[in-house]
Protein chains: 2
Amino acid sequence: MAEQERPDVATAVQPTLVDVAVAAGVSRQTVSNVLHAPGRVRAETRERVEHFIAKLGYQPNRVAQDLRANASRMIGYRIRPLAPGALASIHDRFLHALAEAGRAADHHLLLFTADDGRAEAEAAARLRRSGGAAGFVLYDVTADDARPDALLGLGVPFVAFGRTAQGTDRYAWVDVDNPAGTAAAVDHLVHRGHRRIGYVGWPAGDTVGDRRAQGWQAAIERHGLTAECRSLDVRGEDSVTAGTQMAYALLARPEPPTAVVTATDTLAVGVLRAAQQWGLEVGRDIAVVGFDDTPTAAALDLSSVRQPIELVGRHVMSTLLDATSAVARPRPSASTAPSTERLLAPRLIIRSSSASPAPAHR
Amino acid sequence: MAEQERPDVATAVQPTLVDVAVAAGVSRQTVSNVLHAPGRVRAETRERVEHFIAKLGYQPNRVAQDLRANASRMIGYRIRPLAPGALASIHDRFLHALAEAGRAADHHLLLFTADDGRAEAEAAARLRRSGGAAGFVLYDVTADDARPDALLGLGVPFVAFGRTAQGTDRYAWVDVDNPAGTAAAVDHLVHRGHRRIGYVGWPAGDTVGDRRAQGWQAAIERHGLTAECRSLDVRGEDSVTAGTQMAYALLARPEPPTAVVTATDTLAVGVLRAAQQWGLEVGRDIAVVGFDDTPTAAALDLSSVRQPIELVGRHVMSTLLDATSAVARPRPSASTAPSTERLLAPRLIIRSSSASPAPAHR
DNA sequence: TTGTATGCGTTATCAA
DNA sequence: TTGATAACGCATACAA
């Protein structure tokens, strides 16, 4: 008998449980048992069935399984067009991390588009009601984000990456400890001998931006550098151009910073450009630390605070799977505790833009 | 009666056809008919049914529909971790374009991960056999890519973005006219008065890289600049560092180029860095044109050749939907012709890095 | 240890 | 114009 005889793929209709059953000369139930309760089946029978499962290349039909279980194994995710002006985001990494995290639990990401947060919530509710997705992941949840409340109101399961300013006890979220990131940047720079450490960030009002600014400020105070750095805090929009302009403003001060911490790599690139045009060599005359560790940072040898996105993805996914499977089949209450680790620490990646000791006091 | 009475979302079990039928006092078949063959239902009945559909917020269950139709409305897509070294790719844009394109046909993207092309093909076959996805999109198909043949052999429907060196008549693909892109860059530079136009690209062997090089070369010859530019063609890996080194090599020539066309934005960034460190002002002393129009290009005011990714996404998706739905239910042969437009023209985005006239002959 | 019966929500067929 | 029946592929409860 020909080993590993492959069915005619051209006209291949997927074999079903029944096909396997007929081939093995058993009832379809026995085949099902072989798959789900192998202990109940006599070894001999099991082997015969398994043989034909392999031979026919049988794969259980997910659609039928999901219908039967009344539970989709899809996690909905809204993919947005790239924000103009911003450099590469870390969005790619997050998406890959999520997909990878879902893999173990045999869940897949389902991508959908929506014009805004409101439409996103509505689309999610529709998708959920139609059984297309079991739950949703919200990316980049900001201070005044309306999506959590909207989904809460619609009874749609979700987990957020990021969090709103209010009501964070009402839904599940995972976030990165942003203050810790900028604080680590300051610590590093202080350790290198810097004392005038500027901050280039977003205007107040944005949660993430505010938290990053807080981290800088707290670390500055902790190191007793408040006086030196008080006036070195500038804010503007998140673009290279704005970063350049803000850096110019700082460099024009009578006592300019010898190091700059920025809220994003995009702003950091702006600072780099300003420094170059100002005649400063980055890494020697001035130190720069960005945030996000985008590919751009690596390419430009820019030190940057890296978010543990892969970890975030895993936490988000496991939290979500806990939530959705709890609905489907309530679990014993004292089960694997959902990870309470919801605030994840970033890590500073040191590159040449900040590796050298501080320049002599000018 | 309370208008728009919303069901208790907390314990909301999705209403089914039967729920609507009971509420409206008809059989479930009539409800189905209202949705799929409204003409067959008496107006009065139809309105009553529609009323309850709205009232109960009924949404047809996609899983059940798909099982019944034996056809998933999912398109599989392998998401990879970001290639190290490369700057932001245009991958985000492509993914969004695909998702958006699928929207109209009520199809969604299903993301999965795989360690390499081989694993990708296997995962796709599994997904297909299990009814999880109807077809697949292959991203970045290169010269010696094994995926098309693998999927062909497995009988898995797919459409490629990019194409192999051989056998492109055996599968459906959509590609960008890469030579046209670099040629447009050369045309633009010649028009600005440049005569020594260098090329910084990938080593031979990569389809995309070769095609971009071809476009540069052909345009150079067409403009009668072969003698001036013959030696200004350098190749290396796709990284900022390599770009910088190659640019140095060019600038060190006795007759250095006044303009440089690169195969990618990543390389262009390297060229920009080299130019700056060489003391040249980009846009004045030297012109640079990148490829891909990544966010980085926009941020750095770098001219770049933009691929019509959104269009690619639409073509890929419509081709794929044609193919898969043809399997599900063979269509009248003389239907909407599948778009034969498979080679799409890129567009040069001119920014300050190449906007100025060529510097006086040095 | 194995098999029979039932239902998940939908739609196509056909009969009333 | 409407409704009863069957079937998509699977898994569970239960019977043999």
Side-chain angles (χ1 to χ4, degrees), chain A residues 12-50 52-53 56-73 106 127-132 134 327-329, chain B residues 12-50 52-53 56-73 106 127-132 134 327-329:
Chain A
V13 171
Q14 319 308 341
T16 72
L17 266 189
V18 178
D19 296 324
V20 176
V22 189
V26 297
S27 82
R28 74 175 177 215
Q29 212 38 36
T30 301
V31 180
S32 182
N33 283 336
V34 167
L35 294 169
H36 299 287
R40 316 195 123 189
V41 180
R42 188 158 42 111
E44 190 195 12
T45 312
R46 187 176 61 231
E47 281 163 19
R48 195 166 74 253
V49 169
E50 279 169 348
F52 283 101
I53 286 180
L56 296 180
Y58 167 76
Q59 294 267 115
N61 185 308
R62 296 178 69 91
V63 179
Q65 286 180 323
D66 286 355
L67 175 61
R68 171 67 227 234
N70 188 27
S72 159
R73 281 170 290 184
D106 198 22
L127 227 28
R128 157 88 176 157
R129 293 195 80 119
S130 66
V327 169
R329 45 192 143 81
Chain B
V13 172
Q14 317 309 340
T16 72
L17 268 188
V18 177
D19 295 324
V20 176
V22 194
V26 296
S27 82
R28 74 175 176 217
Q29 208 41 36
T30 300
V31 180
S32 181
N33 284 335
V34 167
L35 294 169
H36 300 286
R40 317 194 123 187
V41 180
R42 188 157 44 112
E44 192 194 11
T45 311
R46 187 175 60 231
E47 282 164 17
R48 194 167 74 254
V49 169
E50 281 167 346
F52 283 100
I53 285 179
L56 297 180
Y58 167 75
Q59 294 266 114
N61 184 310
R62 297 177 68 91
V63 179
Q65 286 181 324
D66 286 354
L67 174 62
R68 171 66 226 227
N70 188 27
S72 158
R73 280 170 291 185
D106 199 20
L127 228 27
R128 158 85 178 161
R129 293 194 82 118
S130 66
V327 170
R329 43 192 143 81

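Only this structure's heavy atoms are used, side chains among them; waters, hydrogens and symmetry mates stay out.
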For atom [atom1] of [X] and atom [atom2] of [N], their distance in whole Å:
| X | N | atom1 | atom2 | answer |
| --- | --- | --- | --- | --- |
| B:N70 | C:dG9 | CG | C1' | 16 Å |
| A:D66 | C:dT10 | CG | P | 15 Å |
| B:N61 | D:dC8 | CG | C1' | 13 Å |
| A:N33 | C:dT4 | CG | P | 13 Å |
| B:R68 | C:dT10 | CZ | C1' | 7 Å |
| B:H36 | C:dT13 | NE2 | C1' | 15 Å |

Can you tell if the side chain of [X] reaches within under 4.5 Å of the side chain of [Y], non-hydrogen atoms only?
| X | Y | value |
| --- | --- | --- |
| B:V34 | B:F52 | no |
| B:T45 | B:T30 | yes |
| A:P15 | B:R129 | yes |

Is there a side-chain polar atom (N or O) of B:S32 under 4.0 Å from OP1 or OP2 of C:dT11? yes
Tell me if the side-chain of B:R46 makes a donor-acceptor pair with the base of D:dT2, cut-off 3.5 Å, by modelled atom types. no
Is there a donor N/O on one and an acceptor N/O on the other, under 3.5 Å, for the side chain of B:Q29 and the base of C:dA12? yes
Checking contacts here: which listed nucleotide ([options]) is nearest the side-chain heavy atoms of [X]?
| X | options | answer |
| --- | --- | --- |
| B:T16 | C:dG9, D:dG9, C:dG3 | C:dG9 |
| A:V41 | D:dA11, C:dT2, D:dC8 | C:dT2 |
| A:T30 | C:dT2, D:dG9, C:dT11 | C:dT2 |

Between B:R46 (side chain) and B:P38 (backbone), is there a donor-acceptor pair under 3.5 Å? yes
When we call it a touch if two heavy atoms are under 4.0 Å apart, what does [X] touch: a base, just sugar-phosphate, or nothing?
| X | result |
| --- | --- |
| B:V18 | nothing |
| B:R42 | sugar-phosphate |
| B:Q65 | sugar-phosphate |
| A:L17 | sugar-phosphate |
| A:V63 | nothing |

If each of A:R28 and A:R40 is mapped to the nucleotide of DNA chain D with the nearest heavy atom, which maps nearer the 5' terminus, i.e. the 5' end? A:R28
Which residue, B:G39 or B:L67, contacts DNA chain D at a nucleotide closer to its 5' end, judged by nearest heavy atom? B:G39
One should read off an interatomic distance between A:R28 CZ and A:T16 OG1, to the nearest 0.5 angstrom, of 9.0 Å
